[in-house]
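Notes for the one structure printed next.
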Amino acid sequence: FFFKQKTAYEIRNCDWSSDVCSSDLANEAILRAGSGIGTLEDDFDTDIKILDAINSSSGNIVIGEKDDLEITNLVTSGVDGSIVLSTDSGQISTSGGISIGTATGTFTVNSPLSDGDLVIDSIISLNRTLNLATGGNIIVNQDITIGSGDLILESGKSIQFKDGISAVVTNDGNGLLSLKAAGNIEITKLISDDEVILSATSGSISDESSSDDSNVIANSISLNAGDSIGSSTDLLDLDVKTLKSSSTKSGGIFLTEKSDLIVQGISSAGDVRVEAVNIDQTGNLASTAGSIKLVSSGVLSMGSGTSATSSPEGMIQYSSEGNMQVGLLDSKGGHVGLKVGKGSEILDADNDHKVNVKSNTFNLIGQGAQLVELIPADLGDVVVFLLHRLILTVDEVLGLLDVPVFKIEDGLAAVATTLLLLLWRCFAYALRSHVRFAQNHRSKILFKITALLPCSHLAAAVALLRTHASKP
């Protein structure tokens, strides 16, 4: 019987081919030590099925298992102790408690050469960093709570959080919750007091929760996937302040934020849809094979010098209930649509005379007494002036103009004035419905907001026309 450690162990059901081996009965090893089980330089090799290990004073627990391993109890209380588990081939699962009572210790499971799964079947609550890595799947069936540390999971296949299961990380406002998988990442609720990073190299990131609660709660989030992030029918629910980056190689990006959101950059191979209260776009958005749609229930602002670029077969749609500030929107010959709420404005983010919208067709939808000027950048194109700062609500226009009901005996002037107003009604209705400019593929539209005549001035002009028309 040979041990590499100088401390005492209690061993059950063992043979001698490893430091600790068990091939019959319960296949269980119970290890008790005061100053460490294995070292970071030389792990303690096992060929067992069930592990119960406690290190009570100082040092680490470092176990190297040959194949499958179930953890029923794993505790270290050393001043600087850590727990490190690895397996050559097989699955590591937890069915009991794991505890680290040290000031600097970490819990690490690392089996990069193995395709074995890591299954969390017991609640893990640590006051230190938890680092789990495996060549197989990571399946989380119980909650994970980390205090004064980070949570880092890395899988050679997929990471799956079952419905209702959460991971919570707090570390004095500096907590990191990082999930990295070669395949899919399925989440229900992830909470960090600072940053969340999700990376599914060749897979997708999806919402597996049956509730409408936020999937991610953090200060910031970074999302990267080989396929899609969220879906068009089930958007990823966020409660974060900043979207640092989001990118896909073949799918779309579908996100909804419960409050305000700063968008620092998005790159997608599919459609992009982002919903929030106030949206502050501080970086560029791009879709190489889809459309871009931003929806704000408040204010939507593009920062100076920022852009959104969609594919020719896609479109760009920006919608806000409040004011909108526009940088460069380039649909590569596709369609661009802008919509704001009643009384809101669209402004040039750069406040210059450079191109704001490049598209083949262009829609403006809105309400309020507003005026817009659209000028083609190419002087060879037809110059189109749209005397509307957005689209006039016809009811508002008619209310300001007070279209009369006339009789033939009222005279020609009254009839002519009313016909003029009816023509204005048709013009306003056309603006309100759809405004499209069909140009050749070289056309560029300069979208420039100008404060021209408000409707009250138009009403005054019509009143003046009436006065002159009624004179003999």
Side-chain angles (χ1 to χ4, degrees), residues 232 248 251-254 263 266-274 279 281 283-296 300-302 305-320 324-340 344-350 352-367 370-392 426-450 452:
S232 59
T248 59
I253 298 173
F254 306 92
V263 181
I266 291 178
S267 176
S268 174
D271 292 334
V272 174
R273 181 181 177 91
V274 178
I279 298 178
Q281 180 185 328
N284 296 332
L285 276 57
S287 173
T288 58
S291 300
I292 297 176
K293 186 171 186 178
L294 265 59
V295 180
S296 166
L300 197 164
S301 300
M302 295 180 67
T306 60
S307 66
T309 306
S310 67
S311 63
E313 61 271 19
M315 65 177 67
I316 298 175
Q317 293 179 299
Y318 275 32
S319 173
S320 68
M324 184 183 299
Q325 188 167 283
V326 178
L328 173 61
L329 303 176
D330 186 356
S331 65
K332 298 298 181 183
H335 176 70
V336 172
L338 301 177
K339 179 182 179 181
V340 296
S344 299
E345 297 180 325
I346 299 179
L347 305 174
D348 181 359
D350 297 299
D352 57 18
H353 295 286
K354 295 181 180 180
V355 173
N356 290 95
V357 175
K358 297 180 181 180
S359 67
N360 185 42
T361 59
F362 183 52
N363 274 8
L364 290 173
I365 303 175
Q367 295 178 326
Q370 310 294 335
L371 295 168
V372 169
E373 182 181 357
L374 285 169
I375 308 175
D378 189 341
L379 294 179
D381 292 333
V382 178
V383 177
V384 180
F385 289 96
L386 184 60
L387 297 178
H388 227 276
R389 200 181 195 186
L390 269 181
I391 304 306
L392 293 170
C426 294
F427 178 59
Y429 178 78
L431 292 176
R432 182 171 176 264
S433 300
H434 290 287
V435 179
R436 293 181 180 271
F437 301 95
Q439 299 178 316
N440 61 47
H441 67 281
R442 293 178 294 108
S443 297
K444 298 177 181 178
I445 294 178
L446 169 64
F447 182 69
K448 181 66 181 174
I449 305 303
T450 56
L452 299 181

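A donor-acceptor pair under 3.5 Å is formed between the side chain of Asn356 and the backbone N or O of Gly327. Side-chain N or O atoms of Ser311 include one that pairs as donor or acceptor with a backbone N or O of Gly290 at under 3.5 Å. In this structure a side-chain-to-backbone donor-acceptor pair under 3.5 Å is missing from Ser268 to Ala286. With hydrogens and angles ignored, the 3.5 Å screen pairs a side-chain donor or acceptor of Gln281 with a backbone N or O of Gly283. Of the possible donor and acceptor atoms, none in the side chain of Ser291 sits under 3.5 Å from a partner among the backbone N and O of Gly314. Using modelled atom types, no side-chain atom of Ser267 and backbone atom of Ser287 make a donor-acceptor pair closer than 3.5 Å.
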For this session: Just do the side chain to side chain contact (heavy atoms under 4.5 Å, CB included) check on Arg273 and Val295 with the steps written out, would you?
Result: CA-CA 8 Å; Arg273 181 181 177 91; Val295 180; 4.2 Å; yes

Exercise. Would Leu285 and Thr309 count as a side chain to side chain contact (heavy atoms under 4.5 Å, CB included) if you check the C-alpha gap in whole Å, the side-chain angles of each, and the deciding distance to 0.1 Å?
Worked result: CA-CA 6 Å; Leu285 276 57; Thr309 306; over 6 Å; no

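Under the 4.5 Å side-chain criterion, counting only non-hydrogen atoms from C-beta, Leu328 is in contact with Val355. The side-chain heavy atoms of Val336 and Asn360, taken from C-beta on, include no pair separated by under 4.5 Å. Residues Phe254 and Asp271 meet the side-chain proximity criterion, which asks for heavy atoms closer than 4.5 Å. Using a 4.5 Å heavy-atom cutoff, the side chains of Ile266 and Val274 are in contact. For the pair Ile346 and Val326, the minimum side-chain heavy-atom distance is below 4.5 Å. Side-chain atoms of Tyr318 and Gln325, non-hydrogen and from C-beta on, never get closer than 4.5 Å to each other. Here the side chains of Leu338 and Met324 are in contact, with some heavy-atom distance below 4.5 Å.
Applying the salt bridge (charged side-chain N to carboxylate O under 4.0 Å, His left out) test to Asp330 and every residue at least two apart in sequence or in another chain returns Lys332. By the salt bridge (charged side-chain N to carboxylate O under 4.0 Å, His left out) test, Lys293 pairs with no residue at all, sequence neighbours left out.
Side-chain contact check for His335 and Thr361: at least one donor-acceptor pair (N or O, by modelled atom type) lies under 3.5 Å.
Nearest heavy atoms, Asn284 versus Gly305: OD1-O, 4.1 Å. Residues Ala269 and Thr288 share a closest heavy-atom pair of CA-OG1, 3.4 Å. Taking every heavy atom of both residues into account, Ser319 and Leu300 meet most closely at O-CD1, 3.7 Å.
Atom CG of residue Leu329 and atom CE of residue Met315 lie 13.5 Å apart, to the nearest 0.5 angstrom. In this structure, NZ in Lys358 is found 9.5 Å from OG in Ser307, a value given to the nearest 0.5 Å. Between the CD1 atom of Ile279 and the CE atom of Met302 there is a distance of 11.5 Å, given to the nearest 0.5 Å.
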